[in-house]
**Student:** 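This is the structure I have questions about; it appears just below.
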Amino acid sequence: NVTEDADLDANAPDLVTRGPAFATIVDDITARPALAPAPVQTANVPFLFVGSVWSGRTRERLRTTMTFADRYGPWSIIAGASEGTGSAFARKVAAKGVNCILIARREAPLAALAEQIRVESNVECVTASIDLSAPDACDRIVATAGSREVGLFISNAGSDPNGSHFLDRKIETWIELANINQLTTMRCCHHFGGLMKARRRGALLLVGSQACYGGGKFLATYSGSKAFALCFAESLWAELKPSNVDVLYFALAQTDTPAL
């Protein structure tokens with residue numbers, strides 16, 4: 001019997017804005033994030049509890065004493081961590097005291113980032129060179145995680161380096177992009193999301209693009225895959241919310257990153 005604040009659904013904004021806001025994820029979360037568009041006010045953070053509705057004073061006391069690691073667990077995975085936003089996410093998460101598993105194709109940038117994180121935050125850092133477009137990418141990520149309790153999965157890879165019309169490239173090019181943006185992400189969310197649901201804590205963060213809101217020339221596969229990720233994340237948010245697992249689709253606009 002899971003209960004929550006009586007006025008939560010009445011005051012919640014449209015579905016697309018629900019779930020933890022980006023600024024809350026990477027900066028100041030110490031408890032369940034507010035269901036509101038950024039900037040987020042965390043004074044009246046809704047909590048889910050089994051059996052009864054807890055008072056606002058109790059929720060506030062728990063919010064101020066719970067650490068980021070308490071909320072999400074001891075390990076995180078950042079897929080697409082070698083540079084840009086992935087590197088930034090990894091450093092922010094590590095600064096909160098959460099150990100990191102860094103995933104990307106290129107070994108050298110991962111090793112450099114891992115060493116930087118160890119020096120900056122004094123946490124454990126594991127790296128694995130994995131091509132996220134490969135059909136076995138999720139299996140290799142799961143094998144890398146092993147028995148570690150992963151409470152935060154960040155899917156950050158998925159930029160489109162092609163800049164091409166759909167019919168001007170071989171279909172294999174677009175299948176690789178769809179594997180990164182859709183299939184590998186979906187498989188990882190299924191595996192790690194299931195474990196989070198069983199533990200009743202965790203978060204899935206899908207870093208996407210505002211191309212999810214509409215198609216355009218040169219964007220057929222890219223925008224289509226990002227639209228999938230948006231709807232997928234919204235649906236997972238609704239499905240996993242009663243299990244105290246946060247889900248966020250972060251729609252990036254124009255971003256200064258080496259991949260673009």
Side-chain angles (χ1 to χ4, degrees), residues 8-9 12-29 32-40 42 46 71-72 76-81 84-90 92-93 103 132 137-138 141 150-160 177-194 196-197 201-216 219-255 257 259-260:
L8 178 59
D9 288 337
D14 292 340
L15 182 62
V16 70
T17 61
R18 296 183 182 181
F22 164 69
T24 314
I25 281 275
V26 297
D27 280 331
D28 295 320
I29 281 188
R32 185 173 179 83
L35 303 184
V40 173
T42 58
R71 178 66 185 87
Y72 294 113
S76 64
I77 290 177
I78 301 92
T85 54
S87 173
F89 273 118
K92 282 286 190 179
V93 169
I103 307 293
L132 297 172
C138 178
I141 292 171
V150 175
L152 175 59
F153 175 77
I154 300 176
S155 175
N156 179 74
S159 63
D160 182 2
L177 183 61
N179 278 341
I180 297 173
N181 284 340
Q182 293 171 264
L183 295 182
T184 296
T185 298
M186 183 170 64
R187 289 185 176 110
C188 287
C189 286
H190 187 272
H191 176 81
F192 294 109
M196 294 172 192
K197 179 180 179 181
R201 70 170 181 174
L204 305 170
L205 172 57
L206 309 187
V207 182
S209 164
Q210 290 188 7
C212 67
Y213 299 128
L219 291 173
T221 303
Y222 181 74
S223 61
S225 63
K226 295 303 183 183
F228 166 85
L230 170 64
C231 294
F232 179 63
E234 287 182 356
S235 300
L236 281 184
W237 175 86
E239 181 177 330
L240 294 176
K241 175 188 170 198
S243 299
N244 205 35
V245 176
D246 295 324
V247 181
L248 171 68
Y249 181 84
F250 178 40
L252 282 169
Q254 186 173 5
T255 304
T257 179
L260 300 176

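This is a predicted model, so every value here is computed, not measured. Quick note: numbers below take in every heavy atom, side chains included, and nothing from hydrogens, waters or symmetry partners.
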**Student:** Does a side-chain heavy-atom distance below 4.5 Å link R71 with L152?
**Tutor:**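 In short, these two side chains do not touch, never coming nearer than 4.5 Å.
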
**Student:** So which atom in T185 and which in I180 form the shortest heavy-atom distance, rounded to 0.1 Å?
**Tutor:** OG1-O, 3.1 Å

**Student:** Would you compute the distance between atom CG of L240 and atom SG of C189 and round it to the nearest 0.5 angstrom?
**Tutor:**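 Spacing of CG (L240) from SG (C189) equals 9.0 Å.
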
**Student:** First locate atom OG of S87, then atom CG of N156, and finally report the distance between them rounded to the nearest 0.5 Å.
**Tutor:**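 Reported value, rounded in 0.5 Å steps: 9.5 Å.
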
**Student:** At their closest point, which heavy atom of L132 faces which heavy atom of G80, and how far apart are they?
**Tutor:**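 Minimum heavy-atom separation between L132 and G80: CD1-N, 3.9 Å.
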
**Student:** Kindly compute the distance separating OG1 (T221) from CG (L219), expressed to the nearest 0.5 Å.
**Tutor:**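 T221 atom OG1 to L219 atom CG measures 9.5 Å (nearest 0.5 Å).
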
**Student:** Taking all non-hydrogen atoms of both residues into account, name the closest pair between I78 and G86 and its distance.
**Tutor:** CG2-O, 3.6 Å

**Student:** Between M196 and L204, is any pair of side-chain heavy atoms under 4.5 Å apart?
**Tutor:**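 Yes - at least one pair of side-chain heavy atoms lies under 4.5 Å apart.
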
**Student:** On a heavy-atom basis, which atom in Y72 and which in A203 lie closest, and how many Å separate them?
**Tutor:** CE2-CB, 3.3 Å

**Student:** About how many Å separate SG of C212 and CG of N181, when rounded to the nearest 0.5 Å?
**Tutor:** 11.5 Å

**Student:** Measure across G216 and S223 and return the closest heavy-atom pair with its distance rounded to 0.1 Å.
**Tutor:**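 Minimum heavy-atom contact is N-OG, 4.4 Å.
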
**Student:** How far does OG of S155 sit from OH of Y249, to the nearest 0.5 angstrom?
**Tutor:** 10.0 Å

**Student:** Can you tell which of I103, V93, T85 makes a side chain to side chain contact (heavy atoms under 4.5 Å, CB included) with I154?
**Tutor:**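 One option only clears the test, and that one is V93.
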
**Student:** Donor-acceptor pair, Y222 side chain versus A178 backbone, under 3.5 Å?
**Tutor:**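 Side chain of Y222 to backbone of A178, a donor-acceptor pair under 3.5 Å: no, none is there.
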
**Student:** Looking only at heavy atoms, what is the nearest atom pair of Q182 and S225, with distance?
**Tutor:**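 Heavy atoms only, the tightest pair is OE1-CB, 3.5 Å.
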
**Student:** Check the angle between the aromatic planes of F192 and F153 and answer parallel, tilted or perpendicular using the 30° and 60° thresholds.
**Tutor:** parallel

**Student:** Quick one: does T184's side chain have a donor or acceptor within less than 3.5 Å of a partner on C138's backbone?
**Tutor:** no

**Student:** Drop me the distance from R187's CZ to I141's CD1, to the nearest 0.5 angstrom.
**Tutor:** 11.0 Å

